[in-house]
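First up is the structure itself, then whatever we jot down about it.
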2 protein chains.
Amino acid sequence: MSEPAGNGRRGSEDTRLKLIRAAEELFSEYGIGAVSLRQINRHAGQRNATALQYHFGTRGALVAAILARHRADVEPRRHALLDRFEADGGDLRALAFALVVPEASKLTDRDGGCAYLRIIAELVQRPDRPLDPSDPESPQESIHRWRRLVADWIPELAVRRLHRRFSAIRILFTELGRRAQDPERRDHELFVSHLVDLIAAILAAPVSEETERLLKGRRRGSRA
Amino acid sequence: MSEPAGNGRRGSEDTRLKLIRAAEELFSEYGIGAVSLRQINRHAGQRNATALQYHFGTRGALVAAILARHRADVEPRRHALLDRFEADGGDLRALAFALVVPEASKLTDRDGGCAYLRIIAELVQRPDRPLDPSDPESPQESIHRWRRLVADWIPELAVRRLHRRFSAIRILFTELGRRAQDPERRDHELFVSHLVDLIAAILAAPVSEETERLLKGRRRGSRA
DNA sequence: GACTTAATAATACGCCTGCATTAGAGTTTG
DNA sequence: CAAACTCTAATGCAGGCGTATTATTAAGTC
């Protein structure tokens with residue numbers, strides 16, 4: 001955390017981190033596509049205009065670096081919670097807890113945690129265009145493990161036809177992104193606990209008669 | 001819908017609409033802040049670079065025009081559903097229905113409906129920066145009427161302390177924005193019906209013991 | 001038909017953009 | 001020491017940006 005940060009070259013890691021932090025701030029505030037690379041350089045205190053290009057190359061790689069940095073915190077936490085779940089047994093709320101809490105802890109992370117959450121919230125809704133950050137979710141990540149585990153706790157049709165787990169994940173990041181946007185976040189524990197309640201309620205949402213009818217009878221398809 | 005579109009001056013309304021449609025497409029695809037005004041002009045077939053400025057002035061005003069255009073469709077539908085709800089009586093699902101269906105009908109609207117939904121989804125999460133579209137929600141809109149009505153159907157604490165109605169609205173637009181992004185949208189009725197189920201489940205989500213404890217006892221606030 | 005106004009077009013300004021190229025500090029390694 | 005390497009810096013380029021200014025065209029009004 002002091003000056004040369006260790007690895008040998010002058011301030012390489014240091015500069016890299018400055019760039020990442022600058023990008024976090026600007027991306028989260030203005031949107032990923034609405035910030036120029038030069039802006040990021042400037043905001044990082046880099047007098048040079050090429051530093052970003054040198055260290056990351058493209059905007060997409062920079063986004064990927066931001067995500068990787070924070071996921072290094074989130075992943076082990078979720079894996080630990082899922083380990084505990086598998087060992088001790090638990091209910092649906094315990095699973096919702098394992099989904100929510102590791103990401104929600106980023107709300108209290110002073111080092112770009114909220115920026116990360118807002119960036120993720122944008123990516124959840126726009127995973128397509130100028131990014132291809134190689135992928136927002138690669139295999140063997142904890143969230144896939146969570147998806148597999150939760151499949152046993154909700155109706156098969158809700159998994160296969162209604163994609164409810166994906167809704168839960170999207171909603172999680174949307175709500176966290178919104179919360180991260182709020183400058184004053186009082187009642188943190190209450191917020192998190194309630195978010196767990198919401199996610200659990202979504203996963204366990206009863207299928208209404210009308211939905212069930214539509215699921216079964218494929219014949220009718222008149223209008224909206 | 002033919003050429004001069006009515007009002008007198010040459011092709012004013014016509015050009016205005018072309019610009020709006022072009023902006024809808026580009027905003028929804030790349031993000032509101034990531035599209036230049038010149039791009040929009042070009043995409044609208046305007047050889048001139050000033051048309052947009054002439055008709056709208058700022059980017060924010062353009063966004064507001066897009067929203068206004070589509071809300072003209074949505075608002076009466078929701079008001080009608082709420083009228084029916086108040087006249088006939090109804091349950092929580094009927095209220096969720098009134099929230100969801102008018103917006104969801106934009107999914108089948110060929111004239112920019114999906115673009116509108118994706119733009120709204122962005123605004124829901126980034127109502128701040130370069131926009132100030134005078135406001136995403138002004139009084140006496142149907143969504144406020146909905147908020148007032150639904151307050152009687154969910155626990156008072158869920159309204160006052162947990163802001164659950166706002167979560168429901170955010171989640172609605174997030175899920176619709178995601179759906180609007182999908183080029184092939186099969187099972188439209190099923191999707192909408194399930195979304196109504198989800199929103200109803202969110203509104204009716206039980207408050208867990210832990211959340212209740214946090215709601216009551218304010219004394220404890222150790223850590224996340 | 002002259003006058004006013006609405007709408008489109010054309011062009012020019014200065015600034016910023018991404019990107020390529022080159023040079024120059026400072027370390028590491030042989 | 002000197003060569004190799006890593007990183008930062010500086011500058012230039014062609015193009016895009018938002019915006020201001022002005023001209024042109026067409027319709028409405030008296």
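Below, chains carry the letters A, B, ... as their sequence lines are ordered, and counting in each starts from 1.
Two residues are said to be in side-chain contact when any heavy atoms from C-beta on lie closer than 4.5 Å; B:Leu67 and B:Leu123 meet this criterion. Between A:Ile40 and A:Leu37 there is a side-chain heavy-atom pair separated by less than 4.5 Å.
Cation-pi contact between A:Arg185 and A:Phe191: absent, since separation from the ring centre below 6.0 Å together with deviation from the ring axis within 45° is not met.
Put simply, OH on B:Tyr54 is 12 Å from C1' on D:dA26, counting in whole angstrom units. B:Leu19 has its CG atom 10 Å from the P atom of C:dA9, to the nearest Å. With rounding to whole Å, A:Lys18 atom NZ is found 14 Å from D:dC7 atom P. To the nearest angstrom, C1' of D:dC7 lies 13 Å from CZ of A:Phe56. Atom NE2 of B:His55 is separated from atom P of C:dA7 by 6 Å (rounded to the nearest Å). Per the geometry, CG belonging to B:Asn48 stands 13 Å off C1' belonging to D:dG18, to the nearest Å. Counting to the nearest Å, the C1' atom of C:dA7 and the CG atom of B:Asp14 are 12 Å from each other. Per the geometry, CD1 belonging to B:Ile40 stands 12 Å off C1' belonging to D:dG18, to the nearest Å.
A salt bridge links B:Asp109 to B:Lys106: at least one charged side-chain nitrogen sits closer than 4.0 Å to a carboxylate oxygen. Between B:Glu141 and B:Arg78 there is no salt bridge, since no side-chain N of the basic residue sits under 4.0 Å from a carboxylate O of the acidic one. For the pair B:Asp14 and B:Lys18, the salt-bridge criterion is met [side-chain N within less than 4.0 Å of a carboxylate O].
Looking only at distances, no side-chain donor or acceptor of B:Glu175 sits under 3.5 Å from a matching main-chain atom of B:Leu195.
Between B:His79 atom NE2 and B:Arg145 atom CZ the span is 6.0 Å, to the nearest 0.5 Å. The CD atom of B:Glu25 sits 4.5 Å away from atom NE2 of B:His43, with the distance rounded to the nearest 0.5 Å.
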I'd like a table of atom pairs between the protein and nucleotides 20-23 of chain C - only N or O on both sides, under 3.5 Å - with the distance next to each one.
none

What pairs of nitrogen or oxygen atoms, one from the protein and one from nucleotides 14-16 of chain D, lie under 3.5 Å apart?
none

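For B:Arg47, the side-chain atoms get nearest to C:dA9 when compared with the rest of D:dT6, C:dG18, C:dA9.
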